[in-house]
Amino acid sequence: VLNKNTQKNMQEVSSKNNTDTSVLEINNTNQVTLADYRIYGNGNIGNDEYEEVEYIEGTGTQYLDTGLIDTEGWNAEIEFDLSKFGSSVSTWSEIIGTNVQLNGTYYRSYFAINNNHNFVLDVYSDYNNSTHLAELNKKYNVKASTFSGNGYLIVNDTTYKTTSVTFSAHDGAEEISIFKKNVNGKNSIASGKIYYCKFYDASKNLIRDFVPCYNKSSGTVGMYDLVNNKFHPGSGTGTFEKGNDVGGVGDLITD
């Protein structure tokens, strides 16, 4: 940690824990504010093969598979912005989820932005249009759940949706994707930036913690799961673009 005003007082510190929330302690003996400091370090990824970046950006043909199968819903937090509304196969922008049809019954479990630019959470058969209109190139933090009896949608700390609907377990479950949902047999893929995404189980244990990154040797862009120490490359056609590097030993993490 380096004081920006004096360029002195360098001290080596570490987080108390590096699970869900890291805590950094600075001894504030000179009555300075946190804004007076620059923090350097190696970012979140402990694997030297990968470099963390500010975000990954899709053009409407790239998405991310999570490795999670949606049998009874999901609980997630994501930060993103959109560069355009709709996709090549839909007027909707799909953010997280699945949409399975079996024997005439839809097992919906997704969060999206619809053709009217409303935020939408669909839990099984409980479909909701929020009164909030999404904007392009604006960062949104969304917490959403489609778990049975505990469905909710929170956008930038404002709750727009709660539901007690039971999401039934079903056969033919799909893998949960980020920025994609199947629409009538075709993939509807959103366009924009993904800054991070986390998934929790029904007991609120963190099971996926995705940060944007790329492989240093191959240049492949995707997201790294800090929980399972696994790289997930982008799927679809073409490649994700990437933001600026934020990791690497000695690199500036925050100013």
Side-chain angles (χ1 to χ4, degrees), residues 13-24 39-70 74-83 94-98 111 139-144 174-181 187 189-201 204-255:
V13 295
S14 62
S15 60
K16 282 185 175 179
N17 63 71
N18 193 26
T19 53
D20 188 15
T21 303
S22 294
V23 179
L24 185 68
I39 300 174
Y40 297 82
N42 63 349
N44 291 303
I45 300 175
N47 189 327
D48 290 338
E49 291 184 60
Y50 301 96
E51 183 73 38
E52 185 178 350
V53 293
E54 295 174 304
Y55 58 81
I56 58 174
E57 183 171 10
T59 59
T61 61
Q62 303 87 28
Y63 59 92
L64 196 85
D65 287 324
T66 64
L68 296 170
I69 303 301
D70 186 13
W74 49 264
N75 182 344
E77 177 180 352
I78 186 171
E79 194 161 271
F80 70 96
D81 64 42
L82 293 180
S83 57
E94 313 297 344
I95 309 301
I96 293 177
T98 59
F111 163 67
K139 187 183 290 187
Y140 290 102
N141 176 275
V142 172
K143 301 178 181 70
E174 292 182 337
E175 183 175 3
I176 300 170
S177 298
I178 303 172
F179 266 32
K180 184 203 82 169
K181 181 170 71 67
N187 290 331
I189 303 174
S191 302
K193 299 173 183 175
I194 307 170
Y195 296 91
Y196 72 84
C197 187
K198 299 181 180 184
F199 286 87
Y200 302 84
D201 64 18
K204 298 184 179 179
N205 298 307
L206 184 66
I207 55 175
R208 294 288 190 278
D209 189 354
F210 291 112
V211 295
C213 69
Y214 64 93
N215 183 290
K216 293 179 183 179
S217 59
S218 68
T220 303
V221 179
M223 301 190 87
Y224 194 90
D225 174 21
L226 299 175
V227 174
N228 298 289
N229 293 314
K230 181 180 179 181
F231 178 64
H232 291 244
S235 299
T237 58
T239 59
F240 278 109
E241 299 294 325
K242 59 182 176 64
N244 295 325
D245 293 357
V246 298
V249 176
D251 289 348
L252 179 67
I253 293 179
T254 185
D255 188 341

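The shortest distance between side-chain heavy atoms of Met223 and Pro212 falls below 4.5 Å. Looking at Ile96 and Cys197, their side chains come closer than 4.5 Å, going by heavy atoms from C-beta outward. Between Ile178 and Phe210, the closest side-chain pair of non-hydrogen atoms falls below 4.5 Å.
Using a 30° and 60° split on the angle between ring planes, Phe111 and Phe80 fall in the perpendicular class, above 60°.
Across all their heavy atoms, Glu52 and Cys213 have their closest contact at CA-CB, 4.0 Å. For the pair Val227 and Asp225, the tightest heavy-atom approach, listed with the atom from each and the gap, is N-OD1, 3.0 Å. The two residues Ile95 and Leu82 come nearest to each other via the heavy atoms CD1-CD2, 4.2 Å. Heavy atoms only, all atoms of each residue included: Thr220 and Pro233 are closest at CG2-CB, 4.0 Å. Across all their heavy atoms, Ile176 and Thr98 have their closest contact at CA-CG2, 4.0 Å.
Taking Glu174 as the reference, nothing meets the side chain to side chain donor-acceptor pair (under 3.5 Å) condition, with sequence neighbours excluded. Annotation: side-chain contact (heavy atoms from CB on, under 4.5 Å) contacts of Lys139 (sequence neighbours excluded): Glu79, Tyr195. Scored by the side chain to side chain donor-acceptor pair (under 3.5 Å) test, Thr59 finds Gln62 as partners (sequence neighbours excluded). Remark: Tyr224 engages Tyr50 in a ring pair (Phe, Tyr, Trp, His ring centres under 6.0 Å) (not counting sequence neighbours). Looking at residues two or more places apart in sequence or on another chain, you find a side-chain contact (heavy atoms from CB on, under 4.5 Å) between Lys143 and Glu77, Asn141, Tyr152, Ile154, Asp157. Under the side-chain contact (heavy atoms from CB on, under 4.5 Å) criterion, Asp65 pairs with Tyr63, Glu175, Ser177, Lys180, Ser235, not counting sequence neighbours. Listed by chain and number, the residues in a side-chain contact (heavy atoms from CB on, under 4.5 Å) with Glu54 are Asn244, Val246 (sequence neighbours excluded). Not counting sequence neighbours, Tyr214 has no partner by the ring pair (Phe, Tyr, Trp, His ring centres under 6.0 Å) test. In this structure Ser217 satisfies the side chain to side chain donor-acceptor pair (under 3.5 Å) test together with Asn215, sequence neighbours excluded.
Rounding to the nearest 0.5 angstrom, the gap separating the CG atom in Asn187 from the NZ atom in Lys181 is 10.5 Å. With rounding to the nearest 0.5 angstrom, the CD1 atom of Ile194 is 12.5 Å from the OH atom of Tyr55.
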